[in-house]
Amino acid sequence: MGSMMDFTKRYCDARRSLIRAKFKNLNDRQVEAVLATEGPLLILAGAGSGKTTVLINRIANLLRYGRASDSDELPPGADEAALRRLQAGGPEAEALAALDPVAPWRILAITFTNKAADELKARLERMLGESANDIWACTFHSACVRILRRDGEKLGYGDNFTIYDTGDSQSLIKRILKDLELDEKQFPPRSVMSEISRSKDARIGPAEYLRQAKLSNDYRRTRIGQVYEEYARRLFAANALDFDDLIACTVTLLLEHEDVRSYWQRRFQYVLVDEYQDTNHLQYLLASTLAGGWGNICVVGDDDQSIYKFRGATIENILSFEQQYKSCRTIRLEQNYRSTAHILNAANAVIRNNLGRKGKELWTDAGPGDPIELHCADNENEEAQYVASAILTNFGQGANWRDHAVLYRMNAQSSQLEFAFKRSGIPYRIVGGTRFFDRAEVKDMLSYLNVIASPADDLRLSRIVNMPPRGIGERSMELAGELARQEHCSLYEILSRADRYPEIKRAAPKMKLFIQLMEELRAFSQVNPPDALYDELLEKTGYLRMLETSEEDKDQTRAENVKELKSSILGYMKDSGDTSLDGYLANIALYTDLDSYDRDADSVVMMTMHSAKGLEFPSVFIVGMEETIFPGMRAIGEPEEMEEERRLCYVAITRAKRHLTLLCARQRMLFGRTTTNRCSRFVDEIPEEDIRKQLPKGYGYTEKRSEFAYGWRERQGEPSFAYRPPQAREQTVKPVIRKAPTPPPTASFAVGDRVRHKAFGEGRIAKLSPMGNDFLVEISFDKIGSKKLMLRAAALHMEKL
DNA sequence: CGCACCACAATTTTT
DNA sequence: TTGTGGTGCG
């Protein structure tokens, strides 16, 4: 008997060491996470700790070796001879080391963004080849869409349901508020929406919500309940689901339909959830229900990077995972492969001030690197100019534009930076902000396509019925809406027989005309692919003509966007090989701008700190490090909110690989108001030895000292072990008072002059033309060609030869 | 009905 | 400062 146990142990040990050897490029903690295949597993993965790598390798392990690495079970037919062959290695050993290798389609890996899902898929395919395509690597929402397309009719939805994005939902809410004669001041659509969203998250339906509201005699909640009820009714009537519904309905489907539940539970042998700190209650329910069959649920997250509480994410999911799953194993990944020590020290020090967290300390063996820099500017304009200047310096020393990111708390902060970059000839891109698919003109065109695909979509029909103006006014549509409700039919049907209703007789001919147009387009769409339909649409509706003939600059941009949408259609048809309109619309509903963020384009990236999560850049600038900006006004005096802001700060800091520059402005104009703010408390939380401060002393502020600020190339011979602070910071003690404002720049430059620019090299001034109180200068550079710059800004970075 | 004009408010936003 | 939504007139 003893020898049997002994044999088992020897076999399993041999098996483990073989498998272990396959992952020798990972660190010990990572390997542990990869090999722990069975049961619930919580991976606390700090920023830059290689969690995606772990996820990929974990899946690879499952596919290749099944649960062999985590089990003491012998495969059938294991004997001494097999053990010897296992120990000998070679191709045979692979099979002997495996224990029920997992079929790819039994693995579900859930992420939050399409981008993360795509990256996961791409890396899996690179590592595992073709078979990776059968792994379900998708977002929460797209997983739900797939489940609902299959079984949604059990909840009464057609399988061609449409998805309402946040904008659609908001219009619908506004519509309902009007219909119920509720004042938007008293019932702000935003808060009504989040109330509804929270209820959905708690799986409280309209009926239950209303019951509770009435019970507690709460007028406000009762009215919101009525909005909720109507909202649900209209969504359902339009065969539409909003983002919350996608998850909520899937959960309901799983919980209430035994057959559906057991189908999926049997199927998904391993469930992995990425960014678990961002899940809400519904998503937790979804994941744990799907994993409920086999019980193999692995969640990866970082409680310190939970920055979406305002969207319903509950950090409690990750904080309480160990209570939910008693047999859970927890693994911490704390070795950071991204940043140098000064940056990590700062991040650790800042986040340490939070109370509600699991506790983690990032470390690196990469060496100290350069200290963080703090630059305090006089105002937001100079702050932007400083960033531009620093980036130009780096570019001049061989860095790429794309190595730089500028992060801010609010989108509204981006404009000064844009100006500075434009003036200085720095190519930049703004990620986020108003998204392409959220632009009014794009939504209009998509609404047309949606109505063509499903005429019962009242919301989108109302959006386009008078766009461009067709003489179908709001009053007529309101009446038509009442009729539709009376007759339990869609607006489209009412409009198509408008002449039968005396109430809307006046507008009836125009409505008929509109319906006729839509019918033609519908007929066209039956026999033509979406791209052709789109051309037809632009032509027949006159929408594009309306924009192109407009005098306004903005309408030209809008026209561009409308045309740009066609490339999205073509792109979809090309990528998917699908030529159905329904397919395109379904795809687009879950698509965002962030997905199109193209890391190959060489330009500086600007975005909010929120959007930066998951990304990394050699050089990062965080602007607006001021009290009331970051942390924002609303967080001050609110401990919970402040912790979320601090997590955001942690996220922002840990984006930087090599260089981190923090900026604040003593005075800042925001929303047309000038305010004076103290430097952010987060700056004070960074240890002195990790940061070099250029603080204002008395009147001025310290001179830029670019000579030490940016040594781009790695310095040789620096100690790469235990980091010691450099000499005391005398720099802040003896400030250099800044010179007077830049003199008028024209005096020193003229057309024909040869100049040397610190970033663009040598060139000749080709043109000088006045512009505002500055000059637009066109310089033909020898190496990079012609560039247009604003002279005042350019003069700072170039000299006459 | 459509347009021009004024008041108003404005974190963050993976789907 | 920007964008949006409401009002009032032609």
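All chains are named by letter (A, B, ...) in the order of the sequence lines, taking the proteins before the strands, and each is independently numbered beginning at 1. These numbers come from a predicted model, not from an experiment.
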When rounded to whole Å, the CZ to P distance for the pair A/R146 and B/dT15 reads 17 Å
* **Distance below 4.0 Å between A/T608 side-chain N/O and B/dT13 OP1 or OP2** => yes
- Task: Using atom types as modelled and distance alone, determine if a side-chain donor or acceptor of A/E626 lies under 3.5 Å from a backbone N or O of A/A665.
- Result: yes
So, do A/F671 and C/dT2 meet the stacking rule of ring centres under 5.5 Å and planes under 30°?
-> no
note: A/D274, atom CG; B/dT15, atom P; distance rounded to Å ~ 13 Å
From the list A/F161, A/Y164, A/Y157, ring-ring contact (aromatic ring centres under 6.0 Å, His included) partner of A/F236 resolves to A/Y157
With sugar-phosphate taken as primed atoms, P, OP1 and OP2 and all else as base, the protein-contact string of nucleotides 1-9 of chain B at under 4.0 Å (heavy atoms; B, S, -) is SS-------
A/R311 CZ to B/dT13 P, in whole Å, measures 9 Å
DNA chain B nearest-nucleotide lookup for A/L246 and A/E644: closer to the 5′ end is A/E644
Separation of B/dT12 atom P from A/D278 atom CG, nearest Å, is 17 Å
Can we say A/D555 and A/R558 salt-bridge, meaning some charged N sits less than 4.0 Å from an Asp/Glu carboxylate O? yes
Classified by glycosidic angle (syn within 90° of 0, else anti), B/dT11 comes out syn
Under a 4.0 Å heavy-atom cutoff, the residues of residues 623-637 of chain A touching DNA chain B are A/R634
Taking for A/D244 and for A/H610 the nucleotide of DNA chain B with the nearest heavy atom, the one nearer the 5' end belongs to A/H610
From CG of A/D242 across to C1' of B/dT15 the rounded distance in Å is 11 Å
For this session: Using only side-chain N and O atoms of A/T166, determine if any of them is under 4.0 Å from OP1 or OP2 of B/dT15.
Result: no
Polar atoms only, N or O, under 3.5 Å: list the protein pairs with nucleotides 3-7 of chain C and their distances.
residue: C/dG3; atom: OP2; partner: A/K554; partner atom: NZ; Å: 2.9
residue: C/dG5; atom: OP1; partner: A/K174; partner atom: NZ; Å: 2.8

Check every strand shown and say whether A/E641 touches a base, only sugar-phosphate, or nothing at a heavy-atom separation below 4.0 Å.
base
Between A/K309 and the options A/E645, A/E316, A/E640, the salt bridge (charged side-chain N to carboxylate O under 4.0 Å, His left out) test singles out A/E640
Any salt bridge linking A/R234 with A/D179? Criterion: basic side-chain nitrogen under 4.0 Å from a carboxylate oxygen.
yes
salt_bridge(A/R439, A/D444) N-O dist < 4.0 Å: no
Taking B/dT13, B/dT14, B/dT15 as options, the one with an atom nearest any side-chain atom of A/F112 is B/dT14
- Task: Pick base, sugar-phosphate or nothing for A/Y308, based on heavy-atom distances below 4.0 Å to the nucleic acid.
- Result: base
Q) So, A/S171 side chain and A/G167 main chain: donor-acceptor pair closer than 3.5 Å or not? A) yes
Exercise. Please check the phosphate of B/dA10 (OP1 and OP2 only) for any side-chain N or O of A/N411 closer than 4.0 Å.
Key: no
From CZ of A/R435 across to P of B/dT14 the rounded distance in Å is 3 Å
Just checking A/E645: base, sugar-phosphate only, or nothing, at a heavy-atom cut-off of under 4.0 Å? base
From CG of A/L670 across to C1' of B/dT12 the rounded distance in Å is 14 Å
When you measure from the side chain of A/R470 to the backbone N and O of A/K510, does any donor-acceptor pair fall under 3.5 Å? no
query = Can we say A/D168 and A/R463 salt-bridge, meaning some charged N sits less than 4.0 Å from an Asp/Glu carboxylate O?
reply = no
Salt bridge (charged side-chain N to carboxylate O under 4.0 Å, His left out) with A/D278: of A/R311, A/K613, A/R647, only one passes, and it is A/K613
message = Can you confirm if the aromatic rings of A/H610 and A/Y308 lie within a centre distance of less than 6.0 Å?
response = yes
When rounded to whole Å, the CD to P distance for the pair A/E275 and B/dT14 reads 13 Å
Side-chain atoms of A/M410 come closest, of B/dT13, B/dT11, B/dT15, to B/dT11
Looking at A/K512 and A/D499, does any basic side-chain N land under 4.0 Å from a carboxylate oxygen? yes
Note to self: Can you tell whether the side chains of A/E478 and A/R475 come within less than 4.0 Å, N to carboxylate O?
What the structure shows: yes
